[in-house]
Amino acid sequence: MPAQLSEAIAAPTGMTGAQRERAAKLRRFLGDPLGVFGFVLVLLIVLSAIFAHVLTPYEPAAIDVKVRLAEPSFEHWVGTDQLGRDVLTRVLYGGRIALEVAAICISVSLAGGLVLGMLAGYGPRWLDSTLILIFDAVRSFPTIMFALAVVTLVGPSLETIELVIIVTSIPGYARIVRTQTLSLKTNEFILAERALGANMARVLGVHVMPNIIGPLMILASMDVPVVVTIEAGLSFLGLGVRPPTPSWGSILNDGYAFIRNTPWLVIAGGVPLIITTLGFTFLGEALRDIFDPKLRRAT
Amino acid sequence: MDHVLSIRNLTIDFDTPRGRVHALRDVSLEVPHRKIVGIVGESGCGKSTLISAALGLLASNGTVRGGEVLFEGKDILKMSQTDLRSIRGERISMVFQDPMTSLNPVLSVAQLMTDIQYRHLKRKPDEKRARAIEMLRQVGIPDPEQRIDHYPFQFSGGMRQRIAIAMALITNPSLLIADEPTTALDVTLEAQIIHLLRELHGSKFQSSIAFVSHNLGLIAEMCDEVVVMYAGEVIEQGSVRDLFHRPSHPYTQALLTCDPARIKKATRELPTIPGDVPNLIDLPQGCVFRPRCPKAFEPCGKTPPRPAAVAAGHEARCFLLAP
């Protein structure tokens, strides 16, 4: 490819192969406007959640009955809810909850899926069959129904939602990891490593994992909106975070009752969900295009 | 210990949906200390099975029916997985056929070569790196200090095979198994790799080499001893000089007449051995080569022939030699 060749030649000679590779990837990412847009949206959501306490003078749970259901104004940019709480503040703090849930759930289920998937793919046949049976059983439950059942049993809380999301999303990761491991397993370099004395942990950790972690990270990025939406959905149904802790789902639920007269409540709960979904999806797609050139659309 | 590897009467079956494949039958061979032994045979004659058995990496449907694989006097077939792993890569190393697939594509050469020294816990990371660079220099990678940070795909096939050899020799093993290490390379590279192996073998590395190939020319050039395999049996073995000058089994003779490099007259039709390799599930009675053998006579169809001596250290399984 002449473009890559010129890139390689243009790169400063002091760089090592790995650095040059990284520089080329960065350049390809910057050449993708949707990806950069997605990255900006993600940055916006993440920074606004981290700096929520700096960005707003109000407390998310501070009730001010004098200004119940106030319209958007200079004091309250997105108005207030039925208890007079500043909606923008609640949205910003709600982002913290959403991202916290996403970060915890995705990292735990990614790690769990990675380990279980590699074991299923590389381990003995009986372990594979057992794990696949469990994954399929878990995946056959609709997430919301499963969540309803668990919440009824142990009561609603943030931890309950996280547990439900982790349990239901591990099989998805694990199946992909398993398939990748199965196809890698027969590769000659795995056999070569075994012939040079590597044990199972070393084969999986040093040689299989780096080969599958890239696509998996992209999948994880695309899964952030899914997890955020599930959390919002459960909180909307009142199964998630307990009031007065703000969540985008509970903001939507609060606003839902007053949708005819004060639509800004519902809009305020919905817009961040849209931004998150778009941002992470665009970012994930751009990353996928960079790391897996085979899937790239013909240009 | 004069033999690094000695395989005695090894018999291995594979259970497949179509039936039991008798992959190796009564195979005996020796790899003496500091020698290069060539193992030659057609595809499917059991070369790979033999190698897997020598490394204790037999596929799960394979069963050892009998015999032993003695490495430095200890039976590999009876060793625990932990003991086996401590031998692999440390005492026995291997170079694979296709250098395009035998190196992990997502790790740099530096990562691959420092990781492989994981057993040397006391060695510091920069010492491991220095050792890796030193090995790369010895296998003839130009500018190893810079090249070590490159990824496998940034090397050509010949260079990758050199890297694979460097990885195999980094622990100075006593046995190096080379499984058709030049089949995937073109002819000039083939010659370079062969010379490299000879040179390394002649200089500081103490390894014996088991060199698997189907190229008779390479075997003649590389090896001290030759083992000819056919349909899961060793049919002839001896020193290179003796075996190439006095091939005694009809199969070895046929192989040698079929080698294009040995044909003197111009011809439009290359000679072949008529017939097919026998089905390893349902073996012919008597000698395995009988259905294709031009010299088959009455006793061949009854019992399998025993190895018969041709000269000192040279034997063949044929009734012509010992009726």
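Residue numbering restarts at 1 for every chain, and letters A, B, ... go by the order of the sequence lines.
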Subject >> Residue, of Ile116(B), Leu84(B), Thr101(B), that accumulates the most heavy atom pairs under 4.5 Å with chain A >> reply: Thr101(B)
**OP:** Considering only heavy atoms, give the residues of residues 189-197 of chain A separated from chain B by less than 4.5 Å, sorted numerically, with 'none' for an empty result.
**Re:** Phe189(A), Leu191(A), Ala192(A), Glu193(A), Arg194(A), Ala195(A), Leu196(A), Gly197(A)
**OP:** For residues Val106(B) and Met209(A), determine if any side-chain heavy atom of one lies less than 4.5 Å from a side-chain heavy atom of the other.
**Re:** no
Original post:
Between Leu55(B), Ile92(B), Leu57(B), which has the largest tally of heavy atom pairs under 4.5 Å with chain A?
Top reply: Leu57(B)
**OP:** Against chain A, work out which of Arg88(B), Met167(B), Met100(B) has the most heavy-atom pairs shorter than 4.5 Å and name it.
**Re:** Arg88(B)
Original post:
Under the salt bridge (charged side-chain N to carboxylate O under 4.0 Å, His left out) test, which residues partner Arg131(B), sequence neighbours left out?
Top reply: none
**OP:** Please look at Leu103(B) and chain A and tell me whether the side chain, the backbone, both or neither of the residue comes under 4.5 angstrom of a heavy atom of that chain.
**Re:** backbone
Original post:
Considering only heavy atoms from C-beta outward, does the side chain of Asn199(A) approach that of Gln81(B) to under 4.5 Å?
Top reply: no
Original post:
Where along residues 171-186 of chain B does a heavy atom come under 4.5 Å of chain A, listed by residue number?
Top reply: none
Original post:
Would you say the side chain of Val206(A) lies within less than 4.5 Å of the side chain of Asn104(B), judging by non-hydrogen atoms?
Top reply: no
Subject >> Pairs of heavy atoms under 4.5 Å with chain A: top-ranked of Ser60(B), Pro105(B), Ala168(B), Ala164(B) >> reply: Pro105(B)
Subject >> Interchain contact, Ser108(B) with chain A, by part (heavy-atom threshold 4.5 Å) >> reply: neither
Subject >> More than 12 heavy atoms of other groups within 6.0 Å of Lys185(A) NZ >> reply: yes
Original post:
Tell me, side chain or backbone of Arg147(B) under 4.5 Å from chain A's heavy atoms, or both, or neither?
Top reply: neither
Original post:
Within a reach of under 6.0 Å around CZ of Phe37(A), are more than 12 heavy atoms found that belong to other residues, nucleotides or ligands?
Top reply: no
Original post:
Which residues in residues 104-141 of chain A have a heavy atom less than 4.5 Å from any heavy atom of chain B?
Top reply: none
